[in-house]
Amino acid sequence: MITEEHLAAALAGLHLSRRTVMLHTSLRSFGTVLDGGADAILDTLLDRGCTVMVPAFTEPQFAVAAPTDMRPARNGVDYAAVPVDGAVLEAGPYRVDCGLINPALGLLPAVLVGRPDAVRGRHPLNSFAAIGPEAAEIIGAQSPEDVYGPIRELADRDGVILLVGVGLDRMTALHLAEQRSGRRMFRRWARDIDGAVRMVEVGSCSAGFPKLEPILSPLAQDIMVGASRWRAFTARQILAAATAAIVAQPDITHCPDAECPLCRDAIAGGPITMGRIAWRDDGRR
């Protein structure tokens, strides 16, 4: 059994106390029972003064199909498919207190979002959520027009990205490196608080990110907790190294699917935009 003592020793070995940590976790990676489950990981981090951030995406629940007048070219989408990417045509507006999350993200993000002191971002499809002393400031950087603001805040605060039993294909921060390399973010669609459909920024395919392993792996601190490999990366270092690698070799992020429209259009520079994204903000969302 993995106990709180094992978790605490790992955090000490990775020097994570009082740091802001973006967490990507597979509980199955431990290969045995984790005493306390996802709560044990969160509590161990919080007890040591950390702020913990996770992706809390809701694209299946709040995505809507692309309106005919909001279809930028080179957007990684087959507009002939209706609804787009399995979107729900009648989805209502997202609210930060909706309690929903994409099940594919795993158990820990859902547990964090369910805590009463969690802070969640305003992006209707790709929100982040955080808990801890710096949660409000970090999550406050996100909007529908700026999906990766919290990751910039993470880097600015000398934060850490912690992979618990997962690979680089789960490292959401690498989408910000794509943006910094010059790629525009893809556009998807959701309802604003007034019910109108508007565009939002989202990331691209991440299945090719493991190709960055030779560049990023030397920047990691590694430790084993049971059968789970924990790797801690300083966010600022990762973003700088990944951005430089993408600039030097744009197709390094291409996934194994040679026909992937997301990778094709991202490497080409992303969507040909249709003007500024504009969302209402009355403080209730």
Side-chain angles (χ1 to χ4, degrees), residues 22-29 53-61 63 66 72 74-79 81 83-87 101-109 123 125-128 147-148 150-151 161-188 200-220 222 228-231 233 235 238-271:
M22 185 170 185
L23 192 58
H24 300 280
T25 307
S26 168
L27 298 183
R28 293 180 180 178
S29 68
M53 180 168 74
V54 295
F57 300 166
T58 51
E59 193 155 355
Q61 294 93 342
R74 210 169 62 193
N75 194 32
V77 172
D78 177 7
Y79 291 117
V84 176
D85 291 339
I101 193 168
N102 185 337
L105 294 172
L107 179 61
L108 188 142
H123 195 288
L125 304 183
N126 284 184
S127 67
F128 293 94
V147 61
Y148 296 124
I151 297 176
I161 300 164
L162 179 60
L163 304 182
V164 175
V166 298
L168 292 180
D169 58 328
R170 295 279 296 275
M171 188 184 281
T172 310
L174 294 177
H175 292 303
L176 179 57
E178 290 186 281
Q179 188 177 43
R180 289 184 170 181
S181 77
R183 297 176 182 176
R184 289 177 291 278
M185 296 291 95
F186 287 131
R187 304 294 192 245
R188 295 296 181 266
V200 298
E201 285 189 345
V202 300
S204 62
C205 177
S206 61
F209 288 170
K211 291 164 66 177
L212 291 163
E213 191 72 53
I215 297 162
L216 302 185
S217 184
L219 303 176
D222 282 49
S228 182
R229 183 188 184 194
W230 291 28
R231 294 200 291 169
F233 302 82
I238 281 292
L239 287 169
T243 299
I246 295 168
V247 170
Q249 185 184 345
D251 65 353
I252 196 172
T253 59
H254 203 299
C255 73
D257 179 2
E259 304 301 321
C260 176
L262 292 169
C263 290
R264 177 198 66 210
D265 288 353
I267 291 168

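Numbering starts at 1 and runs along the sequence shown.
- Atom CG of L107 and atom OG1 of T25 lie 10.0 Å apart (nearest 0.5 Å).
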Practice prompt. Could you please spell out the steps behind the side chain to side chain contact (heavy atoms under 4.5 Å, CB included) verdict for V147 and V202?
Written response: CA-CA 7 Å; V147 61; V202 300; 5.8 Å; no
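- We find the OG-CG distance between S217 and D222 to be 6.5 Å, quoted to the nearest 0.5 Å.
- Using modelled atom types, no side-chain atom of R229 and backbone atom of G165 make a donor-acceptor pair closer than 3.5 Å.
- Listed by chain and number, the residues in a salt bridge (Lys or Arg N to Asp or Glu O under 4.0 Å) with D251 amount to none (sequence neighbours excluded).
- Every side-chain contact (heavy atoms from CB on, under 4.5 Å) that A56 has, sequence neighbours left out, goes to I101, V113, R120, S127, A129.
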Practice prompt. Take M22 and L162 through the test side chain to side chain contact (heavy atoms under 4.5 Å, CB included) and record every step on the way to the result.
Written response: CA-CA 6 Å; M22 185 170 185; L162 179 60; over 6 Å; no
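- Taking 4.5 Å as the limit, some side-chain heavy atom of P150 sits within range of a side-chain heavy atom of M53.
- In plain terms, the two heavy atoms of L163 and V166 that are nearest each other are CB-O, 3.7 Å.
- Of the possible polar contacts, one joining the Y148 side chain to the G203 backbone as a donor-acceptor pair under 3.5 Å is found.
- Atom CD of Q249 and atom CD1 of I215 lie 7.5 Å apart (nearest 0.5 Å).
- Annotation: side-chain contact (heavy atoms from CB on, under 4.5 Å) contacts of S181 (sequence neighbours excluded): R183, T243, I246, V247.
- Residues L108 and V54 form a side-chain contact, since some pair of their non-hydrogen atoms from C-beta on lies under 4.5 Å apart.
- The shortest heavy-atom contact between R74 and F186 is O-CE2, 3.9 Å.
- The minimum heavy-atom distance between V164 and W230, with the atom names listed, is CG1-NE1, 3.3 Å.
- Proximity of H123 to F128: side-chain heavy atoms (C-beta onward) are nowhere separated by under 4.5 Å.
- Ring centers of F209 and H254: at least 6.0 Å apart, outside the cut-off.
- Nearest approach of P103 to Q61, heavy atoms of both residues: CD-NE2, 4.4 Å.
- Separating the CG atom in L174 from the CD atom in Q179 is a distance of 13.0 Å, to the nearest 0.5 Å.
- Across H175 and M185, no two heavy atoms sit closer than the pair O-CE, 3.8 Å.
- Rounded to the nearest 0.5 angstrom, F57 CZ and N102 CG are separated by 9.0 Å.
- Contacts of R231 classified as salt bridge (Lys or Arg N to Asp or Glu O under 4.0 Å), with partners at least two apart in sequence or in another chain: E213.
- Using a 4.5 Å cut-off on side-chain heavy atoms (C-beta onward), E59 and N126 make contact.
- Contact annotation: the side chain of E178 approaches that of T253 to within less than 4.5 Å [non-hydrogen atoms, C-beta and beyond].
- Annotation: salt bridge (charged side-chain N to carboxylate O under 4.0 Å, His left out) contacts involving residues 238-250, sequence neighbours excluded, are absent.
- Across every non-hydrogen atom of M171 and H24, the tightest pair is CA-NE2, 4.1 Å.
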For residues 258-267, which side-chain donor-acceptor pairs fall under 3.5 Å, sequence neighbours excluded?
unit_1 : atom_1 : unit_2 : atom_2 : d
D265   : OD2    : N75    : N      : 3.3
D265   : OD2    : G76    : N      : 2.7

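- The structure places CD1 of I151 at 7.0 Å from CD1 of I161, a figure rounded to the nearest 0.5 Å.
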